[in-house]
Amino acid sequence: MPGVSRRIAISAVALSVLVGAAVGVVGFTFVYAKGSSYLTDDPSACANCHVMNEQYAGWVKSSHHGVAVCNDCHAPRDFLGKYYTKALNGWHHSVAFTSGDFHEPIHIGARNLEVTESACRSCHQDIVQAIEPGLLVRVSAEGAGGSRGETERHGGPHLPPGDGTMSCVRCHRSVGHMQLD
Amino acid sequence: ALATNIFERKQEARNPFFRVAELTDDTVDPAIWGKNFPLQYDMYLRTVDQVRTKYGGSEAVPHAPTQADPRSVVAQSRLEEDPRLKTMWAGYAFSKDFREERGHAHMLADQTFTERQQVTKQPGTCLHCHASTYNVYKKLGDGDLMKGFDAVNHMTYFEARKLTEHPVACIDCHDSQTLQLRVTRPAFMQAMARMKAAQGVQDYNVNRDATRQEMRSYVCGQCHVEYYFKGPEKTLTYPWDKGLKIENILAYYDENPHKDWTHADTGAPVLKAQHPEFEMWNQGVHARSGVSCSDCHMPYTRVGAQKISDHHVRSPLLNINRACQTCHHFSEAELRARAEALQERTFRLRNQGLDALMGLVNDVKAAKAAGKTDQDLAGVYALQRRGQFMLDFIEAENSMGFHAPEEAARILGQATNLIRQAQILVRDSNFKPEIPDALPASAGDAHAGPGTGGKPVGSPAEGTGGTAH
Amino acid sequence: ALATNIFERKQEARNPFFRVAELTDDTVDPAIWGKNFPLQYDMYLRTVDQVRTKYGGSEAVPHAPTQADPRSVVAQSRLEEDPRLKTMWAGYAFSKDFREERGHAHMLADQTFTERQQVTKQPGTCLHCHASTYNVYKKLGDGDLMKGFDAVNHMTYFEARKLTEHPVACIDCHDSQTLQLRVTRPAFMQAMARMKAAQGVQDYNVNRDATRQEMRSYVCGQCHVEYYFKGPEKTLTYPWDKGLKIENILAYYDENPHKDWTHADTGAPVLKAQHPEFEMWNQGVHARSGVSCSDCHMPYTRVGAQKISDHHVRSPLLNINRACQTCHHFSEAELRARAEALQERTFRLRNQGLDALMGLVNDVKAAKAAGKTDQDLAGVYALQRRGQFMLDFIEAENSMGFHAPEEAARILGQATNLIRQAQILVRDSNFKPEIPDALPASAGDAHAGPGTGGKPVGSPAEGTGGTAH
Ligand SMILES: [Ca+2]
Ligand SMILES: [Ca+2]
């Protein structure tokens with residue numbers, strides 16, 4: 001895969017430049033490309049990169065335009081996670097953008113999707129509580145006194161799988177970005 | 001008042017279910033479950049409703065109660081709507097009574113009182129799909145479902161009928177403690193294990209190995225499938241050993257010779273196809289995209305501050321905004337038109353197939369009148385058997401092609417080809433028919449398991465299948 | 001280097017092209033346009049490439065240049081791949097030479113040197129779709145396209161051929177000043193106006209009345225359509241007066257009696273179908289969703305910071321990430337598999353149709369050898385004409401069903417039914433065939449105009465159609 005190795009190569013070169021304290025150039029890149037935009041919550045900061053234009057435009061048309069900005073959905077809730085994700089994504093995107101070497105159209109990856117999924121859950125905690133079996137386990141076990149033992153004796157046919165949550169985006173793909181589909 | 005209202009909602013939301021009644025693995029009565037889950041229960045009760053759509057739903061037809069059939073309302077007769085069906089099923093109980101199916105609330109009564117019960121002696125096996133039988137099986141098998149299943153299969157229908165009083169109930173789809181979905185039907189467990197084994201997956205246990213998303217279709221696939229009663233034990237069997245495509249099923253019936261009846265007008269040994277919703281759904285683009293039965297037939301619905309699954313299982317075309325519009329951003333009218341355009345094409349191909357079959361039946365009757373013997377007609381019979389089964393497969397499937405439109409059209413196109421060739425062969429014994437390329441049985445399914453193919457790019461891993469990029 | 005790169009990209013984004021050459025409405029040579037639009041021009045040149053897909057693309061087959069045919073590379077012969085086609089077209093030029101079509105760069109040479117030119121004398125009309133003819137029409141008509149079109153139609157092919165030297169060029173799709181899309185082909189303008197008039201829209205002028213999104217398909221619909229040469233003037237005509245569905249087209253040919261040739265083996269007066277991509281696309285769910293030809297065949301492509309339309313017009317399956325993944329969030333492999341699953345079903349139905357037709361041709365030959373006359377066979381001929389046209393319609397359509405899979409399957413299913421019935425009728429003159437319900441001609445199309453139906457909910461109004469909710 002020449003594409004991948006090229007990307008790694010550029011990444012490596014870029015890194016060594018960093019480590020080699022060629023701070024001036026990189027700093028210029030960072031500032032010029034408005035790399036600092038990663039540190040704010042301003043959506044237009046993301047759209048600084050023309051490759052984000054489409055998502056930006058989709059967001060403007062979306063149902064969440066008035067209620068959520070990019071980082072509400074694409075950065076974890078907690079402070080550390082937020083800046084870790086931003087740093088990771090920021091670095092990835094800068095390298096990808098500069099090398100021009102990434103899959104198009106851009107599709108969200110599994111890791112970032114998990115971040116987004118948990119953002120949905122965190123805002124919509126109330127409304128989606130009812131549909132998660134994990135919660136049902138908790139509610140009925142809490143209130144049931146001795147009934148947990150009951151379950152074990154009768155042997156429910158299977159234990160709740162750890163990953164048995166429902167993917168929101170499967171049905172609500174376009175809440176953040178209105179699109180034709 | 002506003003403030004209280006909001007407060008109440010938040011309470012409701014945080015603690016969606018109150019444990020009012022104690023539920024155990026032996027609580028059959030849905031009314032008791034309904035104390036803990038009143039919203040789901042209310043919706044569940046609404047499956048008594050009857051509303052017609054262009055090709056589905058059902059119509060409430062008044063019926064004068066009799067001793068033999070005390071129902072005061074039934075669904076419309078499909079035989080009256082289309083008498084060609086009587087000819088297709090000549091000599092079989094279906095030619096006496098066949099109605100549009102309606103909501104789950106009616107399943108037990110409709111099975112008990114169909115005229116088909118009066119013309120044939122049915123086995124207890126029938127109840128597998130028309131009643132709450134989980135506890136019946138468990139009890140008769142002393143905790144072993146399979147043993148209980150066998151025991152019921154050996155009874156007569158009316159003996160077995162006494163053991164149950166509810167249509168499919170909460171306990172048949174849910175674990176009583178966690179409310180998780182589970183499969184309770186032996187025929188489905190066994191059929192899936194056999195199919196998976198043929199695909200190289202040993203010892204498949206659907207309740208252990210299926211993902212939650214798969215379960216959202218499997219609970220329906222327990223009943224909405226093609227089946228037959230195997231051997232003298234009348235074991236309920238789903239013919240999926242070679243896969244779910246119609247060619248796989250036909251290959252299965254070739255290897256395990258079986259006929260449902262002998263056609264009264266032609267003498268051909270024929271098969272009846274029944275409601276293969278699960279099989280056909282599996283061939284469509286929705287299954288490939290991971291869209292489950294429940295996504296469309298039990299879509300999420302907001303009730304107060306909660307969002308729950310609509311237990312009023314029915315035609316999605318009666319509920320397009322919830323059933324389709326979360327995924328498809330087109331107007332209701334447009335979505336209905338799209339579905340109906342697909343259904344109309346299927347309907348036209350079904351009609352030409354039935355016309356061809358009527359022609360064939362007349363041709364064979366004439367040939368017999370003119371002295372042709374069963375032996376002379378063996379080739380014709382083979383074509384009738386295959387062609388009629390393919391035609392009936394789509395006729396019996398209840399979405400009028402929607403679940404897999406191109407596959408339905410392909411099957412109907414090939415069915416007509418077979419039947420018309422039978423008509424040539426009756427007239428010309430030198431004619432060499434072409435059987436449209438029967439799939440090599442090993443070809444199996446387009447995708448490894450129902451509903452697992454084609455995950456969206458970047459979808460969170462869910463047990464099966466990785467993310468291709 | 002990093003910094004420069006970003007700088008370049010920002011520049012590119014801001015300044016999409018430089019006006020180097022002066023373009024006028026008489027600038028035919030694409031190389032001159034290419035000075036201003038080098039990216040589009042480079043891509044345009046790449047339509048010489050030949051790459052095969054499972055059912056499309058094309059293969060570069062070496063060819064020893066001769067005086068009559070100096071091409072050193074051609075596309076594979078479809079007649080060699082499937083000799084049944086020769087029998088379908090027996091007696092017609094197509095049975096001599098018919099190849100897989102390839103990229104636009106080849107259109108003029110392929111038309112000039114096809115063996116079909118050697119067996120029939122073709123009119124100048126042919127050039128309408130195989131060359132840059134806008135300026136030829138304009139010049140010969142003194143500025144009036146229609147007059148120029150008439151003039152060229154009256155010439156012989158080789159007379160007219162001298163007037164043009166380029167395949168379809170920039171000027172044929174674009175206005176030279178604004179680069180806006182425009183329709184330049186008289187046959188399309190007239191056919192659309194007639195169809196719209198029948199739908200109640202008077203005085204339709206495609207260049208004035210079509211939306212931009214419609215134009216993204218109409219520029220292709222100028223050539224990728226079913227056509228015939230009408231009357232002694234050989235006027236190029238698209239048979240759309242009653243609509244774009246096959247039943248509408250068949251009704252048109254019934255009202256305006258026309259045959260393309262007499263089948264050499266059977267004697268039936270038959271029709272040839274040609275590349276109805278536009279008509280079939282119009283029956284599919286993509287057209288209903290507003291997806292245009294250009295969206296898939298000329299998808300936006302990022303070149304540096306610019307997004308431009310890929311002027312390398314080709315099979316989208318050679319470019320799935322840009323052609324499909326903008327809308328479908330599945331992996332490339334999965335999308336290819338979906339398209340091919342649809343195509344495979346079509347292919348199987350096409351094959352059974354061709355098999356049936358081979359049977360019929362043999363039957364009729366035998367019947368004639370046994371003394372049957374054309375008059376005896378009139379009913380058989382009628383069935384062959386209709387069935388064969390339906391079969392050829394999908395065979396000639398170049399997406400192997402992808403553009404409208406259920407419609408393709410329906411048409412093929414009905415075609416086989418007609419042909420098999422013809423086989424019965426040859427053997428039994430008392431047989432009463434059933435013509436699958438021909439649409440009442442007035443039924444017209446499923447939706448008002450190509451590509452306008454079914455806007456997404458909440459999509460910004462774009463001239464036509466409101467937002468239903
Ligand atoms: Ca129904
Ligand atoms: Ca091609």
Side-chain angles (χ1 to χ4, degrees), chain B residues 283 285 288-289 321 325 328-335 337-338 341-342 344-346 348-349 351-353 355-356 359 363 401 405-417 419-421 423-424 426-428 431-434 436-437 446-447 453-459 467-469, chain C residues 283 285 288-289 325 328-335 337-338 341-342 344-346 348-349 351-353 355-356 359 363 401 405-421 423-424 426-428 431-434 436-437 446-447 453-459 467-469:
Chain B
Q283 309 311 323
V285 76
R288 267 199 108 115
S289 305
N321 64 334
Q325 286 188 318
H328 296 285
H329 300 247
F330 297 98
S331 72
E332 270 195 54
E334 171 63 16
L335 284 164
R338 285 185 188 197
L342 297 173
E344 195 215 318
R345 291 198 184 99
T346 312
R348 288 165 76 181
L349 289 174
N351 284 337
Q352 82 162 15
D355 282 344
D363 290 348
E406 309 85 13
E407 179 73 349
R410 173 186 76 86
I411 293 173
L412 289 172
Q414 295 188 339
T416 305
N417 185 25
I419 297 169
R420 290 291 184 198
Q421 287 187 83
Q423 287 188 280
I424 303 175
V426 193
R427 289 173 173 81
D428 174 358
F431 176 72
K432 296 271 161 298
E434 324 240 3
D437 43 355
H447 40 285
K455 294 186 153 290
V457 172
S459 70
T467 300
H469 215 8
Chain C
Q283 309 311 321
V285 76
R288 267 198 106 115
S289 304
Q325 287 188 320
H328 296 284
H329 299 238
F330 297 96
S331 71
E332 279 189 38
E334 170 63 17
L335 284 164
R338 284 184 190 196
L342 298 173
E344 196 215 318
R345 292 199 184 100
T346 311
R348 290 165 75 181
L349 289 174
N351 285 336
Q352 81 162 15
D355 283 344
D363 290 349
E406 310 86 14
E407 178 73 349
R410 172 185 78 84
I411 292 173
L412 289 171
Q414 296 188 338
T416 305
N417 185 25
L418 289 167
I419 297 169
R420 290 292 184 199
Q421 289 187 83
Q423 287 188 278
I424 303 174
V426 191
R427 290 172 172 81
D428 175 358
F431 176 73
K432 296 271 161 298
E434 322 241 4
D437 42 356
H447 38 286
K455 296 192 150 285
V457 172
S459 73
T467 301
H469 214 9

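In what follows, chains carry the letters A, B, and so on, assigned in the order in which the sequence lines appear, proteins first and then strands, with residues in each chain numbered from 1. Treat the numbers as computed from the prediction; the structure is a model and nothing was measured.
- Most heavy-atom pairs under 4.5 Å with chain C, from the set B:Ala409, B:Ala408, B:Pro405: that is B:Pro405.
- Side-chain contact between B:Arg338 and C:Ser289: present, with at least one pair of heavy atoms (C-beta onward) separated by less than 4.5 Å.
- With a 4.5 Å cut-off on non-hydrogen atoms, C:Leu342 touches chain B through its side chain but not through its backbone.
- Going from atom CD of B:Gln423 over to atom CZ of C:Arg420 covers 11.5 Å, rounded to the nearest 0.5 Å.
- When each of B:Leu349, B:Leu335, B:Thr416 is scored by its heavy-atom pairs under 4.5 Å with chain C, the top score falls to B:Leu349.
- The side-chain heavy atoms of B:Phe330 and C:Arg288, taken from C-beta on, include no pair separated by under 4.5 Å.
- In this structure, CG on C:Asp428 lies 11.0 Å from CD1 on B:Ile424, to the nearest 0.5 angstrom.
- Side-chain contact between B:Arg348 and C:Gln414 is present, with heavy atoms from C-beta onward closer than 4.5 Å.
- In this structure, the separation between CZ on C:Arg410 and CD on B:Glu344 is 8.0 Å, given to the nearest 0.5 Å.
- Put simply, the side chain of C:Arg345 reaches to within 4.5 Å of the side chain of B:Gln283, judged on heavy atoms.
- The closest side-chain heavy-atom distance from C:Glu434 to B:Gln352 is not below 4.5 Å.
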